[in-house]
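Right, one structure below, let's go through it.
In what follows, chains carry the letters A, B, and so on, assigned in the order in which the sequence lines appear, proteins first and then strands, with residues in each chain numbered from 1.
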Amino acid sequence: MSKEIWVFSEDKGLSFELLSVGRTLADKLGGSVAAVVISPEKQGTDEFIHQGADKVYIVTNEKFKDILVDTYAHALASLAKKYSPYAILVGSTKNGRDIAPYLAQLLDTGYASDALDLQIESEKLLIKRQVFGGKSIATETFETTPYVVTVPKKRFQPLEKDTSRTGEVIEETIEPIESKLKIVSKEEKKVSGVKLDEAAKIVAIGRGIKSENDIEMVRELAKLIGAEVGASRPVIADLGWMKGQEWIGISGLTVKPELYITLGISGQIQHVAGIMDSKIIVAVNKDENAPIFEFADYGIVGDVYKVLPVLIEELKKLKK
Amino acid sequence: MVNIIVCVRVTPDVAQIRLDSTTKKPIIEGVPKVISEVDKNAVEEAVRIKEKLGGKVTVLTVATEDVKGIVKEALAMGADTANIIADPTVAGIDGNGYAKILASAIKKIGEYDLILLGYSSQDIFSAQIAPRLGVLLDLPVITGALELSVESDKIVAKKDLEREIATLEASLPAVVSVDRTINEPRIPTIMQVMQATRKPITIWKLSDVVSEEIAKAISIIENKGPDVSRKRIIFKDEPEEAAKKLIEALQKEGVLEG
């Protein structure tokens with residue numbers, strides 16, 4: 001086993017975040033950090049080095065055009081078998097969350113998803129992650145290496161770009177395996193302009209909103225403060241009012257805005273687990289015993305239908 | 001005819017887990033065990049496929065003890081038989097070991113066209129078993145299926161890829177994990193619950209299924225509730241007053257600008 005920390009994500013921005021945490025771990029370990037780039041066409045490698053990588057392993061083959069889980073995992077596994085990294089950090093995208101456990105099995109090793117924090121102690125990688133639907137945080141480690149871990153977006157700040165950094169680029173040739181899957185078609189999702197997981201402010205609605213038409217009022221509030229509108233699972237999965245957008249919560253999106261306002265969300269742990277890192281959480285709910293108030297910085301106990309119009313009114317006054 | 005093996009995980013009912021007020025450790029003892037939520041969607045999907053195309057649905061679970069009473073719910077929902085690997089030594093194994101046990105058991109059961117499971121378990125939530133089974137059984141894997149249709153020798157499934165929805169195709173046999181939105185699991189009638197008691201359940205020891213040593217490769221160093229340090233300032237005034245106070249507070253926090 002080498003002392004290399006590898007990072008891989010098909011999302012370049014996320015791979016820079018992984019390089020940042022990878023850099024910290026590598027320094028602690030007395031090792032190095034490498035970016036693995038799998039690409040259908042030739043591409044530059046400098047930016048990975050500028051973002052903290054000591055090495056870049058790059059594999060180019062037009063067959064990597066579609067991200068097929070088995071094809072990508074096999075490519076990563078053959079590299080890992082050749083160079084024996086200490087750990088492989090994979091960006092927690094939908095594809096990353098498939099590729100990483102597939103890779104872990106090809107390497108006959110352990111896997112942990114959605115690391116909240118990573119530390120090295122006595123040369124072991126300690127991984128903090130949510131368990132029991134977010135009620136509890138476990139610190140885990142494995143007896144097997146490499147450690148394969150997915151890391152969610154926005155968990156770590158990318159390093160300041162340093163164009164004076166230099167590093168080694170290793171070009172590898174790997175013949176991609178034939179995938180067992182076929183992509184028949186892809187359909188763009190109808191998503192509102194801004195991505196919720198990048199929004200600075202979010203107004204989220206739950207079951208307390210009685211009708212689809214009332215979302216207009218919520219949008220008005222959101223517009224006044226420059227927020228995006230999101231929802232808890234029931235609104236999207238069961239009622240389908242905001243279909244095409246992802247719900248916020250442990251099985252949907254994890255968000256960490258400056259301001260998170262919930263309207264009529266009771267605060268089921270599955271939802272709360274996805275908003276834990278928000279700076280300020282505000283709750284409006286008519287039930288004063290609703291669990292959401294436990295997790296809120298500010299709350300109003302009251303009927304959303306009475307509170308929301310007044311909030312809009314007051315904010316309008318403020319704008320003038 | 002489609003023979004389906006549904007892998008279900010028996011977990012403590014997460015909704016009922018409380019944290020110890022001083023140690024913040026989750027209290028598992030005494031919490032009733034259930035079939036992990038999304039695995040019920042997998043059972044439902046299997047039963048629907050059987051109702052449409054015929055075949056057999058076998059439930060497979062790995063647990064530290066005999067969980068017949070819990071697995072019966074899947075039989076009441078319409079599954080035909082169940083196999084339980086009940087062995088106290090499975091405590092402390094990781095996803096790698098767990099998948100190896102399931103893969104060996106699936107090979108032992110033998111006849112299958114489709115392996116179904118839930119996208120992730122409600123206790124561990126790592127969504128790793130389906131990809132691992134794909135590797136171990138050398139089968140195509142689709143995770144988090146939003147829709148699934150089975151044709152004579154292939155499956156077609158929809159999968160969420162963040163910005164787009166992909167339609168994927170694979171030949172059978174295949175491993176598919178389902179998203180919780182794929183269906184609404186049925187609630188069995190009293191009659192179905194009673195009939196389920198007559199359906200066959202086979203209990204295996206670990207050594208009946210695997211010959212190799214399954215390593216305890218994971219250590220949980222700590223497990224406790226998150227530190228929530230929220231201000232919890234709650235206004236109970238009339239809406240006008242409360243709204244004013246809230247806006248004032250948010251201004252002071254500096255989160256209303258921009």
[X] [atom1] to [Y] [atom2] distance, which is reported to the nearest 0.5 Å:
X	Y	atom1	atom2	answer
A:Ile183	B:Thr167	CD1	OG1	10.0 Å
A:Ser136	B:Ile27	OG	CD1	11.0 Å
B:Arg163	A:Glu187	CZ	CD	15.5 Å
A:Glu313	B:Glu240	CD	CD	10.0 Å
B:Leu161	A:Lys94	CG	NZ	8.5 Å
A:Lys180	B:Ser171	NZ	OG	8.5 Å

Where the side chain of A:Lys279 meets the backbone of B:Val255, is there a donor-acceptor pair that is under 3.5 Å apart? no
A:Asp297 side chain to B:Arg230 backbone, donor-acceptor under 3.5 Å: no
Tell me, out of [options], who's got the most heavy-atom pairs with chain B below 4.5 Å.
options	answer
A:Glu143, A:Glu258, A:Arg233	A:Arg233
A:Asp303, A:Val301, A:Val184	A:Val184
A:Leu315, A:Val69, A:Thr141, A:Ile99	A:Thr141
A:Asp114, A:Thr109, A:Leu126, A:Leu116	A:Thr109
A:Arg97, A:Glu288, A:Lys306, A:Glu294	A:Glu294
A:Val307, A:Thr144, A:Leu318, A:Asp98	A:Asp98

Residue part contacting chain A, namely of [X], when any heavy atom lies under 4.5 Å:
X	result
B:Thr181	side chain
B:Leu246	side chain
B:Gln16	backbone

Heavy-atom cut-off 4.5 Å, strictly under: side chain, backbone, both or neither for [X] against chain B?
X	answer
A:Val284	neither
A:Leu106	both
A:Asp197	side chain

Can you name the closest pair of heavy atoms from [X] and [Y] and give their distance?
X	Y	result
B:Ala243	A:Leu311	CB-CD2, 3.9 Å
A:Gly133	B:Val14	N-CG1, 3.9 Å
A:Phe293	B:Arg232	O-CG, 3.5 Å

Using a 4.5 Å cut-off on heavy atoms from C-beta on, say whether the side chain of [Y] contacts that of [X].
X	Y	value
B:Lys159	A:Leu181	no
B:Lys245	A:Tyr298	no
A:Asp70	B:Val141	no
B:Ser126	A:Arg129	yes
A:Met276	B:Pro226	yes
A:Phe132	B:Ile28	yes
A:Val131	B:Phe125	no
A:Leu259	B:Leu250	yes

Report the C-alpha separation of B:Lys231 and A:Ile280 in whole Å, then their side-chain angles, then the decisive distance to 0.1 Å, and conclude whether the side chain to side chain contact (heavy atoms under 4.5 Å, CB included) test is met. CA-CA 9 Å; B:Lys231 298 192 178 76; A:Ile280 299 288; 4.0 Å; yes
Choice from [options] maximising heavy atom contacts with chain A below 4.5 Å:
options	result
B:Ile220, B:Leu19, B:Asp160	B:Asp160
B:Ala166, B:Ser219, B:Gly225	B:Ser219
B:Ala170, B:Ala99, B:Ala242, B:Ser120	B:Ala242
B:Gln251, B:Lys236, B:Glu253	B:Glu253
B:Glu222, B:Lys25, B:Lys154	B:Glu222

Could A:Lys135 and B:Asp123 be called an ion pair, given the rule that one side-chain N must be under 4.0 Å from one carboxylate O?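 Here A:Lys135 does not pair with B:Asp123 in a salt bridge, since their nearest N and O are not under 4.0 Å apart.
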Under-4.0 Å salt bridge between B:Glu164 and A:Lys186: yes
What pairs of residues pass the salt bridge (Lys or Arg N to Asp or Glu O under 4.0 Å) test when at least one of them lies in residues 94-107 of chain B, not counting sequence neighbours?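 Qualifying pairs, neighbours excluded: A:Asp108-B:Lys100.
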[X] [atom1]: over 12 foreign heavy atoms closer than 6.0 Å:
X	atom1	value
B:Ile221	CD1	yes
A:Gln268	CD	no
B:Glu151	CD	yes
B:Glu212	CD	yes

Looking only at side chains, do B:Gln128 and A:Ser113 share a donor and an acceptor under 3.5 Å apart? no
Under the ring-ring contact (aromatic ring centres under 6.0 Å, His included) rule, collect the residues that match up with A:Phe142, sequence neighbours excluded. none
